[in-house]
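What follows is one structure encoded as structure tokens, with my remarks underneath.
Numbers here simply count residues along the sequence, with the first being 1.
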Amino acid sequence: MSNPSPELPPDAVRAANYEPSPLAKKWSVKITIIVAALLLLQIPVMMIKSLTREREKHQLEATGAIAKAWGRAQTIGTIQLNGRKPETLTVKTTFSPEVRYFGIYQSVVYTSQSVITAGFNQGGKQLIMHISDLKGLQDISAELNGQKLSYTAGGSDSTLVFTVPEDVPAPAVFTCKLKLRGTDGFTVAASAGHNDISFSGSWGAPNFGESGTLPDTREITEKSFTAGWQINNILNNGSEPEKAQVKFYIPAGTYQQVERTVTYAAFFLAVFFFTLVCGEFLSKTEIHPAQYVVASGAPVLFYMMLLAVGEKCGFTAGYMISAGVIVLMVGGYAGMFFSKWLPATILAAVFAFSYAVNFIILQMEDFALISGTVILAIILGIVMAFTGKINRCTGE
């Protein structure tokens with residue numbers, strides 16, 4: 001005699017007999033296509049990021065070409081009298097930076113005017129000063145205890161040897177007025193026992209801490225800067241001297257900004273697809289999966305357009321032009337498959353807003369992470385509001 005089969009709980013029976021509605025099946029396929037498109041679109045995005053780095057490399061090569069013709073990054077090295085370093089060193093340098101172009105690429109060059117005073121507790125016959133690139137030397141006049149000095153290039157391209165009159169007594173004070181041309185940066189080696197170094201110039205984006213000592217005082221405005229160092233090397237014990245350094249950067253360089261923009265590509269592609277899905281729900285107009293895929297080409301094209309236009313017009317202008325073109329393309333295409341201009345206009349406005357938010361985040365370097373996190377939390381809240389009752393939309 002066979003045992004009767006046990007009865008299944010009602011929930012198990014319903015689960016066994018569950019058949020997704022046609023609407024649920026349709027959205028399952030559509031969401032799968034959207035996710036696949038998101039993943040596949042990362043390939044051209046990464047290619048654009050790689051292209052940005054390649055173009056940036058070309059810019060560095062162009063900077064090298066400009067530096068070769070104008071003068072490389074300059075360093076005023078050690079000053080020695082009979083092989084001994086000075087007890088005191090004062091260097092006051094003013095800069096006149098400007099932007100030079102090599103094709104479409106740009107670099108910052110400068111002309112510097114330095115007044116150098118070095119004090120020695122002994123006399124001597126041979127005074128040497130090291131300058132990294134003598135090709136950038138425009139003018140120089142030097143004195144030792146008030147007597148003018150002549151000079152010749154030493155055994156290397158970075159050494160000046162001054163002829164010292166034999167009747168110069170100790171202590172000796174060396175003074176020098178130096179005019180140099182250079183590119184990118186300027187450094188002074190604080191090789192004396194006590195060093196007083198000051199920089200000033202007409203540039204609003206200097207960098208002092210890349211490989212030098214941070215200044216004791218500094219003041220930076222939109223168009224100028226001043227900085228000062230007081231460096232004591234009495235207990236240096238012959239180790240590598242500290243350095244006072246300034247580097248001149250083009251504020252918010254195009255390639256760095258484009259690369260940062262591309263970093264957010266996956267997030268904004270997700271926002272784009274979510275906006276299309278919401279538009280489909282609200283307008284009750286079905287969007288074909290192929291239209292999702294075709295429309296997604298526009299935000300990817302934005303990054304390529306941004307790189308191309310930004311090289312010519314600068315990042316801000318390139319961003320505005322590229323975003324405007326892409327928003328018009330998306331809005332026009334949405335008008336075609338919605339057959340209604342109101343939802344298409346709303347979609348274009350949301351997309352334009354997302355570009356505006358992205359641009360604001362890019363400008364907020366110090367607060368980019370927290371501002372991006374807050375915006376992400378807001379968007380997630382909106383997603384939750386739209387998807388909280390999604391089972392009602394699918395008929396489940």
Side-chain angles (χ1 to χ4, degrees), residues 30-59 104-105 252-280 287-339 341 343-363 372 375-376 379:
K30 191 168 291 189
I31 290 173
T32 301
I33 292 175
I34 290 174
V35 172
L38 270 172
L39 294 175
L40 289 174
L41 288 172
Q42 299 311 303
I43 297 175
V45 167
M46 294 306 297
M47 292 174 66
I48 294 172
K49 193 169 187 176
S50 177
L51 178 61
T52 302
R53 291 175 178 172
E54 182 181 343
R55 303 292 285 184
E56 187 174 14
K57 181 180 177 182
H58 291 329
Q59 184 186 35
I104 64 172
Y105 303 107
T254 297
Y255 298 110
Q256 294 88 345
Q257 288 279 55
V258 171
E259 190 168 348
R260 287 182 61 203
T261 306
V262 175
T263 302
Y264 296 100
F267 171 71
F268 281 95
L269 281 170
V271 171
F272 173 73
F273 280 119
F274 173 71
T275 304
L276 286 180
V277 171
C278 290
E280 183 169 350
I287 302 176
H288 194 276
Q291 291 172 321
Y292 274 98
V293 175
V294 172
S296 66
V300 174
L301 178 62
F302 164 78
Y303 299 103
M304 178 66 76
M305 190 178 298
L306 172 60
L307 176 59
V309 180
E311 280 189 332
K312 297 286 188 181
C313 306
F315 176 80
T316 300
Y319 191 99
M320 299 302 176
I321 293 172
S322 303
V325 171
I326 297 304
V327 167
L328 289 175
M329 290 178 63
V330 170
Y333 190 52
M336 295 174 63
F337 55 67
F338 279 135
S339 299
W341 286 108
T345 302
I346 294 174
L347 186 147
V350 171
F351 204 40
F353 177 75
S354 70
Y355 277 130
V357 169
N358 189 20
F359 184 79
I360 292 172
I361 291 175
L362 290 171
Q363 305 308 306
I375 292 171
L376 182 60
I379 292 176

Which atom pair, heavy atoms only, marks the closest approach of V45 to A265?
-> CG1-CB, 3.6 Å
What is the distance from atom CG of N358 to atom CZ of R260, rounded to the nearest 0.5 Å?
-> 9.5 Å
Just do the side-chain contact (heavy atoms from CB on, under 4.5 Å) check on F273 and V35 with the steps written out, would you?
-> CA-CA 9 Å; F273 280 119; V35 172; over 6 Å; no
Looking at residues at least two apart in the chain, or sitting in another chain, which of them share a ring pair (Phe, Tyr, Trp, His ring centres under 6.0 Å) with F272?
-> F351
Those residues at least two apart in sequence (or on a different chain) that pass side-chain contact (heavy atoms from CB on, under 4.5 Å) with M304 are I48, L51
List the atom of A348, the atom of G331, and the distance in Å for their closest heavy-atom pair.
-> CB-CA, 3.9 Å
May I ask you to decide if the ring planes of Y355 and Y319 are parallel, tilted or perpendicular, using 30° and 60° as cut-offs?
-> perpendicular
L306 side, atom CG; M320 side, atom CE - distance, nearest 0.5 Å = 11.0 Å
V325 side chain near F302 side chain, heavy-atom distance below 4.5 Å = no
With rounding to the nearest 0.5 Å, note down the distance linking CZ in R55 to OG in S50.
-> 12.5 Å
Quick one: are Q42 and L269 in side-chain contact, heavy atoms under 4.5 Å?
-> yes
Contact summary for I326 and A298, nearest pair of heavy atoms = CD1-O, 3.4 Å
Could you go through the side-chain contact (heavy atoms from CB on, under 4.5 Å) check for V262 and M46 one step at a time?
-> CA-CA 8 Å; V262 175; M46 294 306 297; over 6 Å; no
Between CE of M329 and CE of M305, what distance do you get to the nearest 0.5 Å?
-> 6.5 Å
Return the minimal non-hydrogen interatomic distance between G335 and A344, and the atom names on each side.
-> N-CB, 3.4 Å
Run the numbers on Y303 and K49 for side-chain contact (heavy atoms from CB on, under 4.5 Å), then give the verdict.
-> CA-CA 9 Å; Y303 299 103; K49 193 169 187 176; over 6 Å; no
